[in-house]
Participant: 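Here it is, the structure, as structure tokens.
What you see below is based on every heavy atom in this structure, not just the backbone, and it leaves out hydrogens, waters and symmetry mates.
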Amino acid sequence: MVILSSLASHPPQRPSPALQQAAGLLDSEAAGLLLAATSDISLIVGEDGVIQETAAGALDLESEDIASWRGRPWVDTVTVESRPKIDALLRDAAAGTMTRWRQVNHPSRNGPDVPIRYAGLRPRQGGPIIVVGQDLRALAGLQRRLADTQQALERDYDRLRAAETRYKLLFQLSGEPVLVADAGTRRVTEANPAAARLLGRPQKRILGQDVADLFEVSTTRDIAVLFAGLRNAGQAADLVVRLSGGRGEARLSASLFRGEGSTSILLRLSPLASAQAGQHAVDGGALDVIRRMPEAFVVTDPGRRILTANTAFLDLVQLATEEQVRGQTIDRWLGREETEALALFATLREHGSVRHFSTVMRGQYGSVEDVEVAAVSAPTAEQPCLGFTIRATPRRAAPVHAGGHDLPRSVEQMTELVGRVSMKALVRETTDLIEKLCIEAALRITRDNRASAAEMLGLSRQGLYAKMRRYGIGDLDAGDPELTADREP
């Protein structure tokens, strides 16, 4: 009956006199049946630790072949890590009291180990030990499901945290002014740096403010209508609001969304032209001066895509409006060849500025204008950019020769073409220049004696005449009686 008291309470305690008197009414067979019925598994272990009898109270334990444990040391029926616990159970078993419960694992032929929670008692000193056990497989299954659920929650939490980090990063880095406000109270809960710059207030002074307080008083009623329409219909038309402090106007777009059990409104601000001018105004009207200056001025992003350009630049590229060039790369119109523009940008990256870079501007409809470019890089500005001023170079009157083929008057003029035309074309033009100068020098030395000039140059007279005809030098029919005689009928 000590077994019954151990099952009724934990930690074990000695039975009361009433229970001891009730235990005296049971014979050994009845006690054995009661023991088997109140435990999932029961064992009788001898003094030497060998299992003498087994009984399975749970039907699903019979498939583990508990009966085969008879005659085997109890310690050999458990896994390696459980053996010290079996030794402790055998050691702690004393007459008249239950041992503390210990969980051990039995290897199973059908799958995972079988966890059993054991306690034992020794009815009399030096006698066998009665061991009762509770099957913990259901509890272990619950623990495994709990652990799997906890791991799934941890993974979901990590994904949510990563998504929140990406959202906050995009929110903070976005160039578009954005506010998030509570749909019920109209209080601002989030504001990105672009919104703070547009509104002219620190972020901490925007958070918690009523959205209507961020704009002129004249827009308060319109904002109230906007929020009411969003709450009732889920959508509302855009508003044009006036920024406080005379900072111009902006278009206000609103979207309703739900999250974390509450309803919020996403507000996007798009500065109108007047607001942008007020935000980026330059003292003394310098911006207007740049737009009107006769030299072309253009600003691009680090990828060379045009952000703004003045009227003189539009004239060079033969376009009418700034919208036609905005977003296009300046390479589309700058430079004779791609390599020439690349050389300009490489120098700009290396030195931060370029001066007196001679090149051409190619118009949209085929015009070509010789220009001189000065450029500067501003990588540390609020918006990194490149600035270019482009000045048209004065046109030089080129000499027209009788033969109709224009050539430079000197080698110095020829060397000015380096970097503007291909080397093949430059060599061809240089060769023509040298041949023409040599022929003119030979005719001048021989006083226009073409036979002597041909001999001096190492040419036949027919070869000399062909080159003179090519370069338009002299009168081929004058000063050569032989050539004249050859042509008479």
Participant: Any donor and acceptor pair, going by atom type alone, linking the side chain of Thr99 with main-chain N or O of Ala93 inside 3.5 Å?
Facilitator: no

Participant: Taking only Lys NZ, Arg NE, NH1 and NH2, and the carboxylate oxygens of Asp or Glu, determine whether Arg137 and Asp40 approach each other closer than 4.0 Å.
Facilitator: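 Here Arg137 does not pair with Asp40 in a salt bridge, since their nearest N and O are not under 4.0 Å apart.
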
Participant: Answer whether the closest heavy-atom distance between the side chains of Leu90 and Val75 falls below 4.5 Å.
Facilitator: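 In short, these two side chains do not touch, never coming nearer than 4.5 Å.
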
Participant: Side chain of Thr393, backbone of Asp370: donor and acceptor closer than 3.5 Å?
Facilitator: yes

Participant: Just how far is it from atom CD1 of Ile41 to atom CG of Asp135, taken to the nearest 0.5 Å?
Facilitator: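 Going from the CD1 atom of Ile41 to the CG atom of Asp135 covers 8.5 Å.
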
Participant: Not counting sequence neighbours, which residues clear side-chain hydrogen bond (donor to acceptor under 3.5 Å, both in side chains) with Arg159? List them please.
Facilitator: Asp156

Participant: Take atom CZ in Arg242; do more than 12 heavy atoms of anything else shown fall under 6.0 Å from it?
Facilitator: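 Not buried by this count: 12 neighbours or fewer within 6.0 Å.
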
Participant: Are Phe345 and Ile330 close enough that some pair of their side-chain heavy atoms sits under 4.5 Å apart?
Facilitator: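 Yes. Closest side-chain heavy atoms under 4.5 Å.
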
Participant: Provide the full list of side-chain hydrogen bond (donor to acceptor under 3.5 Å, both in side chains) pairs with a residue in residues 300-310, sequence neighbours left out, each pair given once.
Facilitator: Arg304-Asp331, Thr308-Glu322

Participant: Just jot down the salt bridge (charged side-chain N to carboxylate O under 4.0 Å, His left out) partners of Glu350, sequence neighbours excluded, or say none.
Facilitator: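 Glu350 satisfies salt bridge (charged side-chain N to carboxylate O under 4.0 Å, His left out) with no other residue.
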
Participant: At their closest point, which heavy atom of Ser367 faces which heavy atom of Leu316, and how far apart are they?
Facilitator: OG-O, 4.2 Å

Participant: Please list, chain by chain and in numerical order, all residues satisfying side-chain hydrogen bond (donor to acceptor under 3.5 Å, both in side chains) with Thr219, sequence neighbours excluded.
Facilitator: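 With neighbours one apart ignored, the set is empty.
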
Participant: Could you check if a side-chain atom of Thr359 sits within less than 4.5 angstrom of a side-chain atom of Val371, using non-hydrogen atoms only?
Facilitator: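 Touching, per the 4.5 Å side-chain cut-off.
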
Participant: Of the non-hydrogen atoms in Ala212 and Thr220, which two are nearest, and what is the gap between them?
Facilitator: CB-CG2, 4.0 Å

Participant: Going from CD1 on Ile206 to OG1 on Thr189, what distance comes out if it is rounded to the nearest 0.5 angstrom?
Facilitator: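 The distance works out to 12.0 Å.
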
Participant: Compare every heavy atom of Leu256 with every heavy atom of Thr263, then report the nearest pair and how far apart it is.
Facilitator: CG2-CD1, 3.3 Å

Participant: Rounded to the nearest 0.5 Å, what's the gap from CD on Glu372 to OG1 on Thr389? Could you check?
Facilitator: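 The CD atom of Glu372 sits 9.0 Å away from the OG1 atom of Thr389.
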
Participant: Walk me through whether Arg186 and Asp210 qualify under salt bridge (Lys or Arg N to Asp or Glu O under 4.0 Å).
Facilitator: CA-CA 5 Å; Arg186 297 195 317 200; Asp210 190 314; 3.2 Å; yes

Participant: Going by an N to O cut-off under 4.0 Å, is there a salt bridge joining Lys436 and Glu440?
Facilitator: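 Answer for the salt bridge query: yes.
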
Participant: Give the C-alpha distance, both sets of side-chain angles, the deciding distance and a yes or no for side-chain contact (heavy atoms from CB on, under 4.5 Å) between Ile306 and Phe388.
Facilitator: CA-CA 10 Å; Ile306 295 175; Phe388 300 84; over 6 Å; no

Participant: Quick one: are Leu121 and Met98 in side-chain contact, heavy atoms under 4.5 Å?
Facilitator: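 Yes, close enough: below the 4.5 Å cut-off.
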
Participant: Mind checking side-chain contact (heavy atoms from CB on, under 4.5 Å) for Val225 and listing every partner two or more places apart, or none if nothing turns up?
Facilitator: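 Scan of Val225 (side-chain contact (heavy atoms from CB on, under 4.5 Å), adjacent residues dropped) gives none.
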
Participant: Quick check: closest heavy atoms across Leu334 and Ala341, and the distance to 0.1 Å?
Facilitator: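 Answer, listing the atom of Leu334 first, then Ala341: O-CB, 3.9 Å.
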
Participant: Less than 4.5 Å apart, any side-chain heavy atom of Val354 and any of Leu344?
Facilitator: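 Yes, their side chains come closer than 4.5 Å.
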
Participant: Heavy-atom count around Arg355 CZ within 6.0 Å, excluding the residue itself: above 12?
Facilitator: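 No, not enclosed.
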
Participant: Can you sort out the partners of Arg91 under salt bridge (charged side-chain N to carboxylate O under 4.0 Å, His left out), two or more places apart, ordered by chain and number?
Facilitator: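 Partners of Arg91 by the salt bridge (charged side-chain N to carboxylate O under 4.0 Å, His left out) criterion come out as none, since no residue qualifies.
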
Participant: Take Arg83 and Asp76 through the side-chain contact (heavy atoms from CB on, under 4.5 Å) test and state the conclusion after the steps.
Facilitator: CA-CA 8 Å; Arg83 291 185 175 187; Asp76 291 344; 4.1 Å; yes

Participant: Calculate, to the nearest 0.5 Å, the distance between atoms OG and CG belonging to Ser82 and Asn105 respectively.
Facilitator: 4.5 Å

Participant: Can you give the donor-acceptor pairs under 3.5 Å from side chains of residues 138-149 to other protein atoms, not counting sequence neighbours?
Facilitator:
| unit_1 | atom_1 | unit_2 | atom_2 | d |
| --- | --- | --- | --- | --- |
| Thr149 | OG1 | Arg145 | O | 2.7 |

Participant: If you compare all heavy atoms of Cys385 against all heavy atoms of Leu307, which two are closest, and at what distance to 0.1 Å?
Facilitator: CB-CD1, 4.5 Å

Participant: Give every residue pair that meets the salt bridge (Lys or Arg N to Asp or Glu O under 4.0 Å) criterion with at least one member in residues 214-238, sequence neighbours excluded.
Facilitator: none

Participant: Arg362: which residues meet the salt bridge (charged side-chain N to carboxylate O under 4.0 Å, His left out) condition with it, sequence neighbours left out?
Facilitator: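 Scan of Arg362 (salt bridge (charged side-chain N to carboxylate O under 4.0 Å, His left out), adjacent residues dropped) gives none.
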
Participant: Among Val325, Leu319, Thr321, which residue meets the side-chain contact (heavy atoms from CB on, under 4.5 Å) test with Glu323?
Facilitator: Thr321

Participant: When you measure from the side chain of Asn192 to the backbone N and O of Glu176, does any donor-acceptor pair fall under 3.5 Å?
Facilitator: yes

Participant: With side-chain contact (heavy atoms from CB on, under 4.5 Å) as the test, would you mind laying out the steps for Thr347 and Phe357 before giving the verdict?
Facilitator: CA-CA 10 Å; Thr347 305; Phe357 187 90; 5.7 Å; no

Participant: Considering residues, nucleotides and ligands other than Glu81, do more than 12 of their heavy atoms fall under 6.0 Å from its CD?
Facilitator: yes

Participant: Sequence neighbours left out, what passes ring-ring contact (aromatic ring centres under 6.0 Å, His included) with Trp74? Give chain and number order.
Facilitator: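 ring-ring contact (aromatic ring centres under 6.0 Å, His included) list for Trp74, sorted by chain: Tyr118.
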
Participant: Taking all non-hydrogen atoms of both residues into account, name the closest pair between Pro107 and Thr77 and its distance.
Facilitator: CD-O, 3.3 Å

Participant: Between atom CD of Gln103 and atom CZ of Arg117, what is the distance when rounded to the nearest 0.5 Å?
Facilitator: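 The CZ atom of Arg117 is 9.0 Å from CD of Gln103, to the nearest 0.5 Å.
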
Participant: Please enumerate all residues that pass salt bridge (charged side-chain N to carboxylate O under 4.0 Å, His left out) together with Asp315, with sequence neighbours excluded.
Facilitator: none

Participant: Enumerate the side-chain hydrogen bond (donor to acceptor under 3.5 Å, both in side chains) contacts for residues 198-209, please, sequence neighbours excluded, ordered by first and then second residue.
Facilitator: none

Participant: Are the side chains of Trp333 and Ile390 in contact, using a 4.5 Å heavy-atom criterion?
Facilitator: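 When only atoms from C-beta onward are counted, Trp333 and Ile390 do not touch, as no gap falls below 4.5 Å.
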
Participant: Are Arg470 and Glu435 close enough that some pair of their side-chain heavy atoms sits under 4.5 Å apart?
Facilitator: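 Yes, at least one pair of side-chain atoms sits under 4.5 Å.
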
Participant: What I'd like to find out is whether the side chain of Leu226 reaches to under 4.5 Å of the side chain of Ile265, using heavy atoms alone.
Facilitator: no

Participant: Can you tell me how far CZ of Arg100 sits from CG of Asp92, rounded to the nearest 0.5 angstrom?
Facilitator: 8.0 Å

